[in-house]
Number of protein chains: 2
Amino acid sequence: MIKCTKCNEVSGIARAGQVRGKQRYHCKHCNYYFTFQSPPPGKKSSPAHHATILDIAHKLKISKSTVSRALRNSADINQETRDAVLKMAQELNYVPNYFASSLVRRKSYSIGIVVPELITNFFSQFIIIAQKAASLAGYEVVICHSNESFSNEVDVLKRLFAYQVDGVLLSLSSETKSLDHLQVYSDAGVPVVLFNRVKNKPGFPTVLADDYHGAFIGTEHLVKNGYRNIGHIGGPGNLQISKNRFRGYRDALTKHGLEYNPNWTIYHDLSQADACKCAKTLLDKSSRPDAVFAVNDPAAIYLIIEAKKRGLHVGPDLGIVGFSNDSRSEVIEPSLTTLQQPIEQMAETCIHLLLNKIKDDRFAIPPTTVLKTTLIERCSSKKEGARGKEFKSLIV
Amino acid sequence: MIKCTKCNEVSGIARAGQVRGKQRYHCKHCNYYFTFQSPPPGKKSSPAHHATILDIAHKLKISKSTVSRALRNSADINQETRDAVLKMAQELNYVPNYFASSLVRRKSYSIGIVVPELITNFFSQFIIIAQKAASLAGYEVVICHSNESFSNEVDVLKRLFAYQVDGVLLSLSSETKSLDHLQVYSDAGVPVVLFNRVKNKPGFPTVLADDYHGAFIGTEHLVKNGYRNIGHIGGPGNLQISKNRFRGYRDALTKHGLEYNPNWTIYHDLSQADACKCAKTLLDKSSRPDAVFAVNDPAAIYLIIEAKKRGLHVGPDLGIVGFSNDSRSEVIEPSLTTLQQPIEQMAETCIHLLLNKIKDDRFAIPPTTVLKTTLIERCSSKKEGARGKEFKSLIV
DNA sequence: AACGATTTCGGGACCGTTCCCGATAGAGAG
DNA sequence: CTCTCTATCGGGAACGGTCCCGAAATCGTT
């Protein structure tokens, strides 16, 4: 039997809709509405009242405007008042409510970073540095990863948008073919900077390593070391980065009068499984290249492994150059010659450009920023005299 | 000359303090206060008015309460009304304001994850899985890293607290010696779950791999493979994880009647530089062990490298077992025998326990959850017949 | 002393939701 | 037709800040 929580009457109680699953009742003795939950839910988890600026104001008998001013260290405030407020805030363990502040200021003071994966160390390192730079400027960072899937990318971007991030740093998934899903961001005036895995489109500035030049000098390095039949493991065709690296590879061949053999170029989708498959495909060919420039280190690493399985001597029999200096590249045997991207510089540039744009909409981000890549020579690209020397060359 | 923006009078304008850097003036003709910014700041970055719940309400000539109900899919709402609202929301590109919602509901629907580093793949993998699990439950994840520094750890925890996270997943830095800095969290009733790098303290439940057992079977594996003089590279003494792994190592020796030689145990601080140094120190000893159980893979990897540099054959001359299955461990030569932690299970358990506690404060998280580790046998621990066979054993 | 300039403070309207409390119109019962 | 229920809606007070506007107090100058 249900009793009115106000007048304690049992009769005359009517059901009156429901809210959040709970039934509501109406007592017509005292004309009172109430909901009823069978077990009074125990010691209700008391929300541990955080101190607010009003608490400080009351204690100090001043207005909350003044407290706010003192806390934000703004002008128009007496030094003594400010000190008193600061002291009281300390005493009460005051923590500013980020949501209230963001709500009224219409800024979240956070930026989103979306990366396609987190398992190679390029992106983890990027994130570490970007986060440090952002937090120095007072910005929070929300990290998301698309897992190389376009639909995931769309999802996380939607979530970030609802999160009201002030800007986004984005590196595209291998499946992404257009930037249409970024429309909401440009409509809302939220700046987006693409990095590393980019796609050119007006309104979306990019920051990237000089993939063309890196591929060029990587391939040229193989030529100089005496390889003549140089193949290529490329990335997904829809990514700028794949195209640029391919162009660099091909132009290096051309420059040195070597013929480009399309039969020696195969493409992989940046997944690990496919990297293994590509290595096999390439080595299965009846006429195989004597060197390979790979679009990234994982592809090169699995090529080394596969070649060793088949008894080939990587270096003398098969020269290999990778791209991006994976953590495994210096410990694998032979160690992998690769191209080092300027991760730190890239991350800092991204944050710098993005924050400038956020702070002043009139700031114009340059459409593309290209950063230098450098060749790290190791053993996988040594045709002569490499055998037995591998140990010494490890960088430790 | 300054004109009143109201009555256009030039005389009788007095300065009247300043706000946010801008000078304020007072016109005594019309008794009006105003601020004056010299260059009207160009096309003011129009904040691109997001559609709100009120916009929807007005368009549909219903109240915002109803719109809110429709959007939250709650009861007390007519199906047609709900459809109309949903349609209009779509049309207006409505995105709910996360801050307003969190402000009034006093929940952020986000959790913080603090890890000591992001360069080994244990933590990156953990994060990937945890994030997926959390977002399935409608929770956002904020990722922070302490970079193995205690003061950084304190900082990021403070930031997360101000961010009003509903819960925290924390893996301690190598410098952390107590959990006192988590006091604010327990005071505020925000649950914290420690994982992997933990410290026992009432009120702070832990989730971790069975380090003791892993170390035990790892060491026992060396014994079974014929090694008799087994040394140890340990972790920082303040970490539970180091102690447990050390105990497992030592108990395995004892079980098999082998003597524990304190001279063969050295400690490193989990930094890369120190890993190199430890390898050198250990191999420099006049009487060196014939096998080493290392507290983690990086230490083992640098030991392999250093041993190879000195012409030792890892395996036959020096058996090595690591811990945590780093991505490098299967490509290094010889490949590294190591212990696989149940990353996925650990991440999911953490999220599961934390969210349960968040959703219902009465839920009691078990003080410790221990998950199984499994041995991955590779080549670095093969005393006999290992030479020349390395290639075959690579898992690809 | 009179007046203007400046510093410092208080009041209160917002920001966009959620949710509690009532109200109302039909449906169904008697 | 009257009465009771129920489904559905509206009004409005929070949530915890920020910031605009005006006022009061203080200071300096003639």
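Only a predicted model underlies this, so the values are computations on that prediction, with no experimental measurement involved. Labels below follow one simple rule: chain letters A, B, ... track the order of the sequence lines, proteins then strands, and each chain is numbered from 1.
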Derivation of the side chain to side chain donor-acceptor pair (under 3.5 Å) call for A/Ser68 and A/Ser65 = CA-CA 5 Å; A/Ser68 172; A/Ser65 316; over 6 Å; no
Let me see the working for A/Thr176 and A/Glu153 under side chain to side chain donor-acceptor pair (under 3.5 Å), right down to the final yes or no.
-> CA-CA 8 Å; A/Thr176 304; A/Glu153 187 175 298; 3.0 Å; yes
Candidate pair B/Asp180 and B/Lys201, rule salt bridge (Lys or Arg N to Asp or Glu O under 4.0 Å), full reasoning | CA-CA 10 Å; B/Asp180 295 343; B/Lys201 184 172 179 180; 3.5 Å; yes
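Ring-plane geometry between B/Phe99 and A/Phe99 is classed as tilted, the angle between the planes lying from 30 to 60 degrees on a 0 to 90 degree scale.
Between B/Thr66 and D/dG10 there is a side-chain N or O to OP1 or OP2 distance below 4.0 Å. Applying the 4.0 Å criterion to OP1 and OP2 of D/dG10, one finds that B/Ser63 has a side-chain N or O inside that range.
A/Leu60 places its CG atom 11 Å from the P atom of C/dC9, with the value rounded to the nearest Å. Rounded to whole Å, atom P of D/dG16 lies 16 Å from atom OH of B/Tyr98. If you take CG of B/Asn97 and C1' of C/dG16, they are 5 Å apart, rounded to a whole angstrom. When the P atom of C/dT8 is taken as reference, atom CG of A/Asn78 falls 5 Å away, rounded to whole Å. Protein atom CG of B/Leu71 is 13 Å distant from nucleotide atom P of C/dC19, rounded to whole Å. Distance CD1 (A/Ile62) to C1' (D/dA24): 16 Å, rounded to an integer number of Å. Rounded to an integer number of Å, the gap from B/Arg105 CZ to D/dA14 P is 20 Å. Here C/dC19 presents its P atom at 12 Å from NZ of B/Lys107, a figure rounded to the nearest Å.
Here A/Ile77 lies in heavy-atom contact (under 4.0 Å) with sugar-phosphate atoms only. Within the nucleic acid shown, A/Tyr94 comes within 4.0 Å of sugar-phosphate atoms alone, with no base atom in reach, counting heavy atoms only. Within the nucleic acid shown, B/Val67 has no heavy atom closer than 4.0 Å to any nucleic acid atom. At a threshold of 4.0 angstrom between heavy atoms, the contacts of A/Leu103 include nucleobase atoms, whether or not backbone atoms are also involved. Residue-level contact check: B/Thr52 touches the backbone only, with heavy atoms under 4.0 Å from sugar-phosphate atoms and none from bases. Within the 4.0 angstrom heavy-atom criterion, no nucleotide atom of any strand lies near A/Ser102. The residue B/Leu54 sits apart from the nucleic acid: no heavy atom pair falls under 4.0 Å.
The side chain of A/Arg72 sits closest to D/dT18 out of D/dT18, C/dG10, C/dG16. Closest to the side chain of A/Val104, out of C/dC19, C/dT17, D/dG16, is D/dG16. The side chain of A/Thr81 has C/dC9 as its nearest neighbour among C/dG10, D/dT8, C/dC9. Of the candidates D/dG16, C/dT8, C/dT18, D/dG16 carries the atom nearest the B/Arg106 side chain, counting heavy atoms from C-beta on.
Taking the centre and axis of the six-membered ring of B/Tyr109, the NZ or CZ atom of B/Lys107 falls inside the cone set by 45° and 6.0 Å.
The shortest distance between side-chain heavy atoms of A/Leu170 and A/Leu157 falls below 4.5 Å.
With hydrogens and angles ignored, a donor-acceptor pair under 3.5 angstrom links the side chain of A/Ser65 to the base of C/dG11. No hydrogens or angles were tested; on distance alone, nothing pairs the side chain of B/Lys64 with the base of C/dG16 as donor and acceptor under 3.5 Å. Between the base of C/dG10 and the side chain of A/Arg69 there is a donor-acceptor pair shorter than 3.5 Å.
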